Amino acid sequence: MRYADEAISIGEKQKYLDIAAILEAARLSGATAVHPGYGFLAENAKFARRVEEQGLTFIGPRLKRFP
């Protein structure tokens with residue numbers, strides 16, 4: 001965080017796995033994209049879908065689209 005322009009707290013321990021908390025932080029910051037880091041949410045299709053449903057760009061593995 002030392003090099004970040006801005007930091008927004010998402011609360012207690014393990015909140016970094018809380019999809020709603022992360023999306024709220026993105027909204028509060030005015031973010032247009034979300035990078036999930038590595039592991040945990042980076043490979044979570046539900047998270048990627050929710051990010052895109054909020055009109056944000058998901059920067060991570062692409063979702064496989066099935067008909």
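What you see is a predicted model, and the numbers here were worked out from it, not measured in a lab.
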Next on the checklist: With a 4.5 Å cut-off on side-chain heavy atoms, are L56 and L23 touching?
Outcome noted: yes
Checklist entry - From Q54 CD over to R49 CZ, what is the distance, rounded to the nearest 0.5 angstrom? => result 13.5 Å
Item to check | pair L41-I22: side-chain heavy atoms closer than 4.5 Å | outcome: yes
Ignoring hydrogens and angles, write down the donor-acceptor pairs under 3.5 Å from the side chains of residues 3-12, residues two or more places apart or on other chains.
from, atom 1, to, atom 2, distance (Å)
S9, OG, G11, N, 3.2

Checklist entry - Is F40 atom CZ crowded by more than 12 heavy atoms from other residues, nucleotides or ligands, each under 6.0 Å away? => result no
Checklist entry - Going by the salt bridge (charged side-chain N to carboxylate O under 4.0 Å, His left out) test, which pairs reach into residues 35-45, not counting sequence neighbours? => result none
Next on the checklist: If the condition is side-chain contact (heavy atoms from CB on, under 4.5 Å), which residues does A42 pass it with, not counting sequence neighbours?
Outcome noted: P36
Next on the checklist: Would you say that F58 contacts F47 through its side chain, given a criterion of any heavy-atom pair below 4.5 Å between the two side chains?
Outcome noted: yes
